[in-house]
Number of protein chains: 2
Amino acid sequence: MRQDPPPPSPTLEDVARAAGVSRATVSRVINGIRNVDSAIQEAVRQAIATTGYVPNRAARSLVTRRTGSIALVVSGAGGDDDSFPVQVFADPFFGRVAGGIVGFLRPRGIHPVLMFAETGAARAQVLASLRQGDADGAVLVSTHAEDPLPRLLAEAGLPAVLFARPAEPVPISYVDVDHRAGAKLAADHLVARGRKQIVTISGPLDVPASQARLAGFRDAMAAHGHPYVPCAEGGFTYHSGVQAMERLLAEHPGLDGVFVANDLMAQGALLVLRHHGRAVPDDVAVVGFDDSSAATACRPALTTVRHPVEDMAAELARLLLEHIGQPGHRPTSIIFEPSLVVRDSS
Amino acid sequence: MRQDPPPPSPTLEDVARAAGVSRATVSRVINGIRNVDSAIQEAVRQAIATTGYVPNRAARSLVTRRTGSIALVVSGAGGDDDSFPVQVFADPFFGRVAGGIVGFLRPRGIHPVLMFAETGAARAQVLASLRQGDADGAVLVSTHAEDPLPRLLAEAGLPAVLFARPAEPVPISYVDVDHRAGAKLAADHLVARGRKQIVTISGPLDVPASQARLAGFRDAMAAHGHPYVPCAEGGFTYHSGVQAMERLLAEHPGLDGVFVANDLMAQGALLVLRHHGRAVPDDVAVVGFDDSSAATACRPALTTVRHPVEDMAAELARLLLEHIGQPGHRPTSIIFEPSLVVRDSS
DNA sequence: CTGAAAGCGCTAACAT
DNA sequence: ATGTTAGCGCTTTCAG
């Protein structure tokens with residue numbers, strides 16, 4: 001005993017018949033082409049409503065040669081890392097990127113196709129998928145600087161854009177934030193608050209963004225007359241922030257200011273400071289980076305450098321659509337300016 | 001000055017000509033249909049290789065009435081929560097689900113389409129997308145128990161499956177882990193370790209899984225002669241684990257055993273115990289839940305209840321494909337058995 | 001401003 | 001075992 005087959009969904013033909021016009025006219029109405037009598041337009045809309053018509057993507061795609069979807073590729077450096085997807089998702093950062101992209105794309109009726117490119121084989125499959133037309137283009141979020149995928153995509157002539165500047169120049173569009181400038185904001189602020197013994201917790205130093213934040217911070221501090229700033233390297237996780245702060249406290253018990261390279265680690269640092277009886281911001285001033293949800297969840301609320309991830313992701317999606325629309329388009333990079341959000345931790 | 005249009009990619013026709021056979025034969029070879037002479041098969045493969053042919057998804061989709069993709073829907077309860085995607089991704093849990101699904105689907109050449117259904121409007125759009133054929137079916141991951149989407153999908157007759165049992169019965173397939181049994185494993189283990197003052201940190205109590213873990217733990221403890229177990233409610237985040245542990249320690253300074261409803265919170269609890277000078281496992285034994293990457297990242301490594309998320313997600317994907325393949329298929333639920341992974345924290 | 005007609009590339013009867 | 005043929009539902013010239 002089988003269930004009845006689902007009723008065939010209405011086609012353009014059905015709508016056309018119901019409206020007493022031709023398929024072509026209905027198509028024009030649907031695709032918002034002018035030059036259609038407004039009375040007829042109204043009739044067509046009626047017919048669409050009564051028939052419950054929805055356009056068939058595959059059919060449309062076949063003739064327009066567009067899938068109307070883009071790939072969201074989460075890409076690593078190589079190696080067969082089993083826990084790869086988990087790692088990526090553990091940082092709120094990826095969620096913000098996904099949210100920004102979806103926010104831009106959804107009103108345009110397009111959903112991202114999720115792909116992972118953590119190994120060489122996976123990378124090859126992503127390339128094949130794109131060539132096959134599973135998506136019109138790709139937004140890449142790399143977890144490692146040495147990721148070969150950007151170059152591969154560029155060479156294949158597939159429309160693609162990147163979140164964050166590649167380690168080596170690749171002819172591909174990207175967005176990034178001015179990490180150095182952001183770190184300078186933090187440095188200026190801590191100095192303005194009269195802090196004398198300032199230290200920092202960096203992100204993983206094989207990530208260019210981490211390097212830039214650290215270098216920018218040290219340069220700005222040097223300009224303020226602090227030639228050397230102690231640093232503990234973290235891994236962008238809450239836990240690593242805890243560990244880094246403990247190390248710094250042990251080595252520099254007199255510290256009175258900390259710049260932490262992301263909010264999640266800053267949250268961990270805050271906890272350690274509290275457990276060690278250091279009042280924030282009175283004894284120790286803390287500045288984070290990102291302005292993620294962690295920043296306001298903290299006690300005290302975190303002063304932090306705003307990283308406009310969602311805006312950047314939306315802009316990235318816009319860029320990709322532009323590239324898809326005009327294949328000859330030149331690579332463009334857009335650098336966003338960070339700003340300081342002063343709350344209670346400094 | 002425009003760039004040259006990309007060369008048209010080869011079609012079945014081209015391959016057929018190159019191999020000196022008909023389109024149909026090439027199609028058969030590609031789709032792995034027997035009844036093709038092996039010599040001809042070889043010739044066709046040659047032709048495919050030399051022409052660099054890749055099948056056109058849209059064309060295939062148009063005739064098979066299958067898109068070859070499924071939706072991965074992250075779904076909330078309602079409300080216009082701006083930070084929705086961020087919240088969801090913050091837990092390693094979602095990454096494990098995504099990884100499990102991709103692991104199963106990728107070898108079959110199918111990629112998940114990412115959709116968010118956090119508001120009523122978004123939900124409607126997800127439904128429309130599915131009806132329109134953006135995907136053949138949906139895997140749902142709900143963040144709230146009252147999520148109306150499962151029922152809506154079931155009523156629309158769209159193939160869909162659920163990660164975790166719905167709060168109210170819905171005729172839809174799902175996978176889940178036996179939370180109560182897992183909690184019992186933890187209880188038995190703590191009692192066997194001779195702990196007398198046992199407390200627990202639960203997940204958010206509006207989540208059925210949290211309720212089940214708490215109830216299962218308390219029931220098992222009662223059976224061991226501990227009629228009441230103090231509980232602090234957390235939110236499945238590291239930070240909430242810290243806060244909950246601090247509360248428990250303040251209220252029950254004599255505690256010597258803790259069951260924490262997920263590893264991330266357990267990691268936070270471990271930190272607090274250390275800061276308070278309690279040795280783990282000697283002074284206080286700690287048992288987590290999930291066996292996520294956090295469990296091995298801890299010091300000491302966490303004894304925890306294994307939640308086979310990846311396996312469950314893969315099974316869920318398999319179930320969905322089954323439903324897509326045979327529309328009349330009855331809803332099935334599969335409950336996985338948890339197991340205890342003993343490490344150093346108890 | 002609207003309709004007729006020609007495909008897009010593929011699969012699946014149906015013939016042979 | 002292989003070829004022929006008829007569409008799948010849509011967009012898009014091209015006529016009118």
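In what follows, every chain begins at residue 1, and chains take the letters A, B, ... in the order their sequences are listed.
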Find the distance [X]:[atom1] to [N]:[atom2] and express it as a whole number of Å.
| X | N | atom1 | atom2 | value |
| --- | --- | --- | --- | --- |
| B:Leu12 | C:dG9 | CG | P | 10 Å |
| B:Arg66 | C:dC10 | CZ | C1' | 16 Å |
| B:Arg23 | C:dG9 | CZ | P | 11 Å |
| B:Arg17 | D:dT2 | CZ | P | 20 Å |
| A:Leu62 | C:dA6 | CG | P | 17 Å |
| A:Arg131 | C:dG9 | CZ | C1' | 19 Å |
| B:Glu13 | C:dT11 | CD | P | 13 Å |
| B:Asn31 | C:dA13 | CG | P | 13 Å |

Decide if atom CZ of A:Arg165 counts as having more than 12 heavy atoms of other residues, nucleotides or ligands within a radius under 6.0 Å.
no

Can you tell me how far the CG atom of B:Asp311 sits from the CZ atom of B:Phe336, to the nearest 0.5 Å?
6.0 Å

Begin from the C-alpha positions of B:Asp147 and B:Ser75 and carry the test side-chain hydrogen bond (donor to acceptor under 3.5 Å, both in side chains) through to its verdict.
CA-CA 7 Å; B:Asp147 186 4; B:Ser75 174; 2.3 Å; yes

Quick check on DNA chain C: between A:Ile40 and B:Arg60, whose nearest nucleotide comes earlier from the 5' end?
A:Ile40

So, does the side chain of A:Arg28 form a donor-acceptor pair with the base of C:dG3 at under 3.5 Å?
yes

Residues B:Glu118 and A:Arg106 bridged, charged N to O under 4.0 Å:
yes

Taking only the side-chain heavy atoms of A:Ser27 (C-beta and beyond), determine which of D:dG9, C:dG3, D:dT11 contains the nearest atom.
D:dT11

Starting the side chain at C-beta, find the nucleotide from C:dC1, D:dT2, C:dC10 nearest to B:Pro55.
C:dC10

Establish, with yes or no, whether the OP1 or OP2 oxygen of [N] is under 4.0 angstrom from a side-chain nitrogen or oxygen of [X].
| X | N | answer |
| --- | --- | --- |
| B:Thr25 | D:dG3 | yes |
| A:Asn56 | D:dG9 | no |
| B:Ser22 | D:dG3 | yes |

What contact category does B:Arg65 fall into here, base, sugar-phosphate, or nothing, at under 4.0 angstrom with non-hydrogen atoms?
sugar-phosphate

Do you know the tightest heavy-atom contact between B:Gly109 and A:Gln125?
CA-NE2, 4.5 Å

